[in-house]
Amino acid sequence: MMKWIWGSMLLLSMSFAIFAGNPDSILDSMLEGAGEAVTLSISLCGAYMLWMGIMNIAKDAGLIESLSRLMQRPLQKLFPSSKKAIAPITLNLAANFFGMGSAATPFGLMAMKELKKEGNTTNTASDDMCMFLSLNSSAIELLPTSVIAMRAAAGSQNVYSVVVPTFIASVFAFASAIIACRIFARIGKKIKR
Amino acid sequence: MSYILPLLLFFLIIWALRKKVDVYSSFVEGAMESLPLLAKILPAMTAMMLALALARTTGVIDALVSLTVPLLKFLGIDETLVPMLVLRPFSGNASLALLNDVFNTSGVDSLSGVTASNMLGSTETIFYTVALYFGSVGITKTRYSIPVALISGLVGAIAAILLTPLFM
């Protein structure tokens with residue numbers, strides 16, 4: 001999937017530029033995008049270090065294990081073959097819920113690492129990985145912090161009017177992600193047979 | 001609200017010290033893990049972001065938007081919301097900029113303004129998330145995860161469009 005999406009993005013964009021008689025823009029904008037990726041990753045690295053460091057303290061204090069035990073039951077159904085990933089998954093969903101993207105990402109990355117360890121060793125995503133990714137691309141949000149900040153900056157009379165509808169809409173998205181994942185996983189199994 | 005996290009952190013450190021954890025070494029050890037992670041993420045992010053930058057400057061994304069306008073207009077979706085719907089999975093910053101456009105043209109507290117806010121809040125930057133999370137563990141065969149993410153994003157956006165008038 002990635003190779004087709006990425007490949008067609010590049011080919012389509014390049015043909016646009018060539019037809020528009022603007023071949024110079026191709027490499028310029030690719031370089032610009034690459035630079036953006038580096039700056040973004042470096043600036044995110046601080047947040048990763050902060051949260052991974054804190055999480056390691058929690059792990060050494062035995063708290064991660066307690067959290068895993070606590071959340072095992074509710075999350076088992078969604079991630080049947082990934083016991084070790086339960087704690088980082090919980091922390092990731094919680095951080096998303098409170099609108100703390102900078103903490104959600106490092107927890108999510110650690111969860112992915114655990115999912116990979118227990119799943120396959122190939123470059124193919126497991127069912128649990130697909131489920132986790134889908135949940136993260138539709139994460140339930142109690143406080144959409146960046147939107148609220150933008151509304152405040154734009155001088156809204158009612159900054160928080162978006163909290164309830166955003167929450168309900170994200171619940172719909174979340175539920176549809178779980179259902180769609182289940183359906184696709186089932187279809188995949190049938191095809192294998 | 002803003003006290004929750006600092007307090008949690010405060011008690012975490014007290015708890016860890018009581019459990020005789022060397023909090024300093026433990027933090028450093030954990031933070032160290034982010035470096036190999038960064039090395040894995042960076043190439044995947046670069047690949048995705050250079051393709052996005054290219055699609056943006058060459059006008060592919062604009063073309064995609066103008067292609068979907070008539071279709072969505074037919075479905076009764078406000079024209080100003082279309083770019084948001086199309087761009088959202090690709091770029092968080094671009095969608096925030098679009099949100100500001102909607103605020104400037106229709107007003108923050110107008111129906112379009114609030115709907116756009118809800119759409120942005122209830123959806124995610126899917127392609128960024130995929131590149132980041134799957135890139136970090138070297139997954140390239142993403143199976144059904146992208147279609148599922150796009151479906152749920154669409155569900156979230158449609159729910160936002162339908163729900164917003166009820167809360168105005």
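Values below: every heavy atom of this structure, side chains too, minus hydrogens, waters and symmetry copies. The sequence lines fix the lettering, A, B, ..., with proteins before strands; numbering per chain opens at 1.
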At a heavy-atom separation under 4.5 Å, does A:Ala95 approach chain B through its side chain, its backbone, both, or neither? neither
With a 4.0 Å cut-off on N to O distance, would you call A:Asp127 and B:Arg143 a salt bridge? yes
Side chain, backbone, both or neither: which part of A:Leu31 has a non-hydrogen atom closer than 4.5 Å to chain B? neither
Part of B:Tyr24 lying under 4.5 Å from any heavy atom of chain A: neither
Backbone N or O of B:Ser26 within a donor-acceptor pair of the A:Asp60 side chain at under 3.5 Å? no
Picking from B:Val155, B:Leu9, B:Leu99, which has the most non-hydrogen pairs under 4.5 angstrom with chain A? B:Val155
For residues B:Glu124 and A:Asn136, determine if any side-chain heavy atom of one lies less than 4.5 Å from a side-chain heavy atom of the other. no
How close do B:Pro147 and A:Phe184 get, counting heavy atoms only, and between which atoms? CB-CZ, 4.3 Å
B:Met49 versus A:Ala37, closest heavy-atom pair with distance: SD-CA, 3.6 Å
Please look at B:Leu17 and chain A and tell me whether the side chain, the backbone, both or neither of the residue comes under 4.5 angstrom of a heavy atom of that chain. neither
Tell me whether A:Trp6 contacts the main-chain N or O of B:Ala47 through its side chain, where contact means a donor paired with an acceptor under 3.5 Å. yes
B:Tyr144 versus A:Cys181: any side-chain heavy-atom pair under 4.5 Å? yes
Roughly how far, to the nearest 0.5 Å, is the OG atom of B:Ser122 from the CD1 atom of A:Ile168? 11.0 Å
With a 6.0 Å cut-off (strictly less than), is the heavy-atom count around CD of A:Glu65, excluding the residue itself, greater than 12? no
What's the verdict on side-chain contact (heavy atoms from CB on, under 4.5 Å) for B:Ile139 and A:Thr124, showing C-alpha distance, side-chain angles and the deciding distance? CA-CA 6 Å; B:Ile139 297 287; A:Thr124 310; 5.9 Å; no
Pairs of heavy atoms under 4.5 Å with chain A: top-ranked of B:Thr46, B:Thr164, B:Val148: B:Val148
Proximal component of A:Pro144, with respect to chain B [non-hydrogen, under 4.5 Å]: side chain
Whether A:Lys116 side chain and B:Val137 backbone form a donor-acceptor pair below 3.5 Å: yes
Name the region of A:Ile57, side chain, backbone, both or neither, that has any atom closer than 4.5 Å to a heavy atom of chain B. both
Pick one of side chain, backbone, both or neither for B:Lys141, based on which atoms fall under 4.5 Å of a heavy atom in chain A. both
Heavy-atom distance under 4.5 Å to chain A: side chain of B:Val28, backbone, both or neither? neither
Quick one: of B:Leu163, B:Leu54, B:Asn100, B:Leu38, who has the most non-hydrogen atom pairs under 4.5 Å with chain A? B:Leu54
Pick whichever of A:Val162, A:Asp28, A:Leu40, A:Ile42 has the most heavy-atom pairs under 4.5 Å with chain B. A:Val162
How far apart are the closest heavy atoms of A:Thr166 and B:Ser117, and which atoms are they? OG1-O, 4.3 Å
Which answer fits A:Ala34, side chain, backbone, both or neither, if we ask what part of it has an atom under 4.5 Å from a heavy atom of chain B? both
Does B:Leu50 reach the side chain of A:Glu32, with side-chain heavy atoms less than 4.5 Å apart? no
Within this structure, what is the OH-NZ distance for the pair B:Tyr133 and A:Lys113, rounded to the nearest 0.5 Å? 14.5 Å
Could you tell me whether B:Phe10 atom CZ has more than 12 heavy atoms of other residues or ligands within 6.0 Å of it? no
Going by an N to O cut-off under 4.0 Å, is there a salt bridge joining A:Glu36 and B:Arg56? yes
SG on A:Cys130 to CZ on B:Phe134, rounded to 0.5 Å: 5.0 Å
Would you indicate whether the side-chain heavy atoms of A:Met110 and B:Leu37 approach each other to under 4.5 Å? no
Are more than 12 heavy atoms, taken from residues, nucleotides or ligands other than A:Phe172, located less than 6.0 Å from that residue's CZ atom? no
Count the heavy-atom pairs under 4.5 Å between each of B:Thr57, B:Leu166, B:Thr140 and chain A, then report the option with the highest count. B:Thr140
Hey, could you give me the OG1/CD distance between B:Thr123 and A:Glu141, rounded to the nearest 0.5 Å? 9.0 Å
Could you check if a side-chain atom of A:Ser25 sits within less than 4.5 angstrom of a side-chain atom of B:Thr58, using non-hydrogen atoms only? yes
Non-hydrogen side-chain atoms of B:Phe103 and A:Arg151 separated by less than 4.5 Å: yes
Considering only heavy atoms from C-beta outward, does the side chain of A:Met9 approach that of B:Leu52 to under 4.5 Å? yes
Taking CZ in A:Arg186 as the centre, count heavy atoms belonging to other residues, nucleotides or ligands within less than 6.0 Å. Is the count above 12? no
Is there a side-chain contact (heavy atoms from CB on, under 4.5 Å) between B:Met45 and A:Val38 once you walk through the steps? CA-CA 8 Å; B:Met45 291 266 288; A:Val38 175; over 6 Å; no
When rounded to the nearest 0.5 Å, the distance separating CD1 of B:Ile151 from OG of A:Ser138 is 11.5 Å
Against chain B, label A:Ile187 side chain, backbone, both or neither, depending on which of its atoms sit under 4.5 Å from a heavy atom there. neither
dist A:Phe167:CZ -> B:Asn118:CG (nearest 0.5 Å) comes out at 13.0 Å
For chain A, find which of B:Ile126, B:Leu42, B:Leu120, B:Ile61 contributes the most heavy-atom pairs closer than 4.5 angstrom. B:Leu42
What's the shortest heavy-atom distance between A:Ser137 and B:Ser152, and which atoms? O-OG, 4.3 Å
Do B:Ile41 and A:Tyr48 have side chains that get closer than 4.5 Å, going by heavy atoms? yes
Checking A:Thr145 against chain B: side chain, backbone, both or neither under 4.5 Å from a heavy atom? neither
Name the region of A:Ala185, side chain, backbone, both or neither, that has any atom closer than 4.5 Å to a heavy atom of chain B. both
When A:Cys45, A:Ala20, A:Ser13, A:Ala61 are compared by non-hydrogen pairs under 4.5 Å with chain B, the top option: A:Ser13
Interface moiety of A:Ile5 toward chain B, non-hydrogen atoms closer than 4.5 Å: side chain
So, the part of B:Thr129 with a heavy atom under 4.5 Å from chain A: the answer is both
Which one of B:Arg18, B:Lys20, B:Met32, B:Glu33 has the most heavy-atom pairs closer than 4.5 Å to chain A? B:Glu33
Heavy-atom proximity to chain B below 4.5 Å, by part of A:Phe174: neither
Considering only heavy atoms, which portion of B:Val21 lies under 4.5 Å from any heavy atom of chain A: side chain, backbone, both, or neither? side chain
